[in-house]
Amino acid sequence: MPEGDTIFRAARTLNEALAGRTVTHFESVFSRISRANDHFTVQGRTIERVDARGKHLLMWFSGDLVLRTHMRMHGVWHLYRRGTRWRRPHSDMRLVIGTSEYEAVAFNVPVAELIRAGDLERSPAVRHLGPDILAEAFDAAEAAQRIAMTPEIDIAEALLNQQAVAGIGNIFKCEALYASGLDPFTNVADLSREDIARVVEKARRLMRASVAGRRMVFSVYGRGGRPCRRCGTTIARHKHGDEARVTYWCPRCQARRVAAKARTV
Ligand SMILES: [Zn+2]
């Protein structure tokens with residue numbers, strides 16, 4: 001699943017090519033979008049900007065109209081110079097936004113909505129999102145506060161809850177927990193607010209480095225069965241959580257600590 005950094009980079013690329021340009025061609029296979037387009041008419045509008053909020057990609061058109069897409073597992077946006085052959089079959093096409101120079105094509109994107117800008121903030125998909133991990137003015141304290149509101153789940157699962165903090169996916173969940181030395185399966189209730197804020201900050205730092213184009217060398221993600229780069233212990237992997245995503249961790253560097261709270265009682 002693409003994480004916030006991937007969506008952020010896709011939005012940046014689309015923004016550079018499309019912002020300020022007029023839509024000369026608009027196509028969609030979604031009947032809901034087509035119906036909305038009958039009403040709003042995307043063609044002829046100016047693309048004002050493209051940005052990301054958590055894992056949602058938002059394309060803003062003149063006249064207060066927004067196209068929201070979510071990639072889920074397999075969706076992807078491609079950008080082509082006009083007349084270039086697509087690298088995906090036409091049957092995978094879900095949306096096309098064309099300008100005189102470019103074609104932005106969404107392949108296999110499962111979620112798309114054309115909505116008035118004023119209604120976007122009230123839409124269920126966006127309204128409950130936590131602070132955006134990649135936003136300039138990110139509030140780690142608020143994110144930690146929101147995570148602390150689900151004390152009964154473990155920290156690995158809590159980091160993926162987009163209503164607590166928007167944009168973190170499985171890869172950076174694993175890497176941030178390793179960088180913080182936290183056992184992924186510790187309940188949120190057993191962590192201090194500082195511990196939570198620290199792991200969130202680690203995720204942000206790693207994801208911003210990825211956005212900046214730094215090549216990522218993963219410490220634990222995808223390294224199950226191989227030695228920890230720090231201590232040599234075999235990296236463990238475990239499927240857990242509702243979406244059965246694999247968590248990777250070093251059982252030694254991320255050993256469970258006796259909860260500070262329990263000790264002081
Ligand atoms: Zn280790």
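Computed from a predicted model, the values in this text were never measured in an experiment.
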Please tell me whether [X] and [Y] are part of a single hydrophobic cluster in this structure, the criterion being side-chain heavy atoms less than 4.5 Å apart.
{"X": "I33", "Y": "V42", "answer": "yes"}
{"X": "L182", "Y": "V188", "answer": "yes"}
{"X": "I115", "Y": "V23", "answer": "no"}
{"X": "L18", "Y": "V109", "answer": "yes"}
{"X": "V111", "Y": "L114", "answer": "no"}

Tell me, do [X] and [Y] make a side-chain contact under 4.5 Å, heavy atoms counted?
{"X": "M71", "Y": "V76", "value": "no"}
{"X": "I147", "Y": "I155", "value": "yes"}
{"X": "L120", "Y": "L58", "value": "yes"}
{"X": "V66", "Y": "R116", "value": "no"}
{"X": "P184", "Y": "C174", "value": "no"}
{"X": "T24", "Y": "Q43", "value": "no"}

Approximate separation, where rounding is to 0.5 Å, of [X] [atom1] and [Y] [atom2]:
{"X": "W60", "Y": "T46", "atom1": "CH2", "atom2": "OG1", "result": "15.5 Å"}
{"X": "L67", "Y": "H56", "atom1": "CG", "atom2": "NE2", "result": "13.0 Å"}
{"X": "R49", "Y": "N15", "atom1": "CZ", "atom2": "CG", "result": "9.0 Å"}
{"X": "I133", "Y": "L159", "atom1": "CD1", "atom2": "CG", "result": "8.5 Å"}
{"X": "T99", "Y": "L79", "atom1": "OG1", "atom2": "CG", "result": "8.5 Å"}
{"X": "D132", "Y": "D139", "atom1": "CG", "atom2": "CG", "result": "12.0 Å"}

For the side chain of [X] and the backbone of [Y], is there at least one donor-acceptor N/O pair under 3.5 Å apart?
{"X": "R45", "Y": "F40", "answer": "yes"}
{"X": "Y80", "Y": "R87", "answer": "yes"}
{"X": "E175", "Y": "A203", "answer": "no"}
{"X": "R146", "Y": "Q163", "answer": "yes"}
{"X": "T150", "Y": "I153", "answer": "no"}
{"X": "R94", "Y": "D92", "answer": "yes"}
{"X": "N108", "Y": "G75", "answer": "no"}
{"X": "R204", "Y": "A135", "answer": "yes"}
{"X": "R256", "Y": "F185", "answer": "yes"}
{"X": "E3", "Y": "N170", "answer": "yes"}

Over 12 foreign heavy atoms within 6.0 Å of CZ, R82: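 Counting other residues, nucleotides and ligands, CZ of R82 exceeds 12 neighbours.
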Other residues, nucleotides, ligands: >12 heavy atoms within 6.0 Å of R12 CZ: yes
Any salt bridge between [X] and [Y], counting N to O under 4.0 Å?
{"X": "R127", "Y": "E121", "value": "no"}
{"X": "D119", "Y": "R122", "value": "yes"}
{"X": "R198", "Y": "E194", "value": "no"}
{"X": "E157", "Y": "R245", "value": "no"}

Ring centres of H238 and Y248 under 6.0 Å apart? no
Can you check salt bridge (Lys or Arg N to Asp or Glu O under 4.0 Å) on E201 and R205, steps first, answer last? CA-CA 6 Å; E201 282 289 1; R205 206 170 309 156; 5.3 Å; no
For a quick test of reading the model, state the closest non-hydrogen atom pair linking V220 to C250 and the distance between them. CG1-N, 4.1 Å
Just do the side-chain contact (heavy atoms from CB on, under 4.5 Å) check on I47 and M59 with the steps written out, would you? CA-CA 7 Å; I47 302 152; M59 195 175 286; 4.1 Å; yes
Summary of ring-ring contact (aromatic ring centres under 6.0 Å, His included) pairs that have at least one residue in residues 105-160, sequence neighbours excluded: H78-F107, W86-F107
Quick one: side-chain hydrogen bond (donor to acceptor under 3.5 Å, both in side chains) partners of N37, sequence neighbours excluded?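 With sequence neighbours excluded, N37 shows a side-chain hydrogen bond (donor to acceptor under 3.5 Å, both in side chains) to no residue whatsoever.
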After noting the C-alpha distance and the side-chain angles of T69 and W77, does the key distance pass the side chain to side chain donor-acceptor pair (under 3.5 Å) rule? CA-CA 10 Å; T69 51; W77 277 94; 3.1 Å; yes
Audit row: Q145, R193, side-chain contact (heavy atoms from CB on, under 4.5 Å) steps and yes/no: CA-CA 7 Å; Q145 159 80 27; R193 201 61 66 85; 3.0 Å; yes
Side-chain donor-acceptor contact under 3.5 Å, K55 with T6: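 No pair is found: no donor N or O on one side chain lies under 3.5 Å from an acceptor on the other.
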Would you check, one step at a time, whether the test side-chain contact (heavy atoms from CB on, under 4.5 Å) holds for H25 with E27? CA-CA 7 Å; H25 175 67; E27 211 181 322; 3.0 Å; yes
For residues 208-219, please give each side-chain donor-acceptor pair under 3.5 Å, one per line with the distance, not counting sequence neighbours.
from	atom 1	to	atom 2	distance (Å)
S210	OG	D5	OD2	2.5
S210	OG	R9	NH2	3.4

Please walk me through it: do L177 and W249 pass side-chain contact (heavy atoms from CB on, under 4.5 Å)? CA-CA 8 Å; L177 285 166; W249 81 105; over 6 Å; no
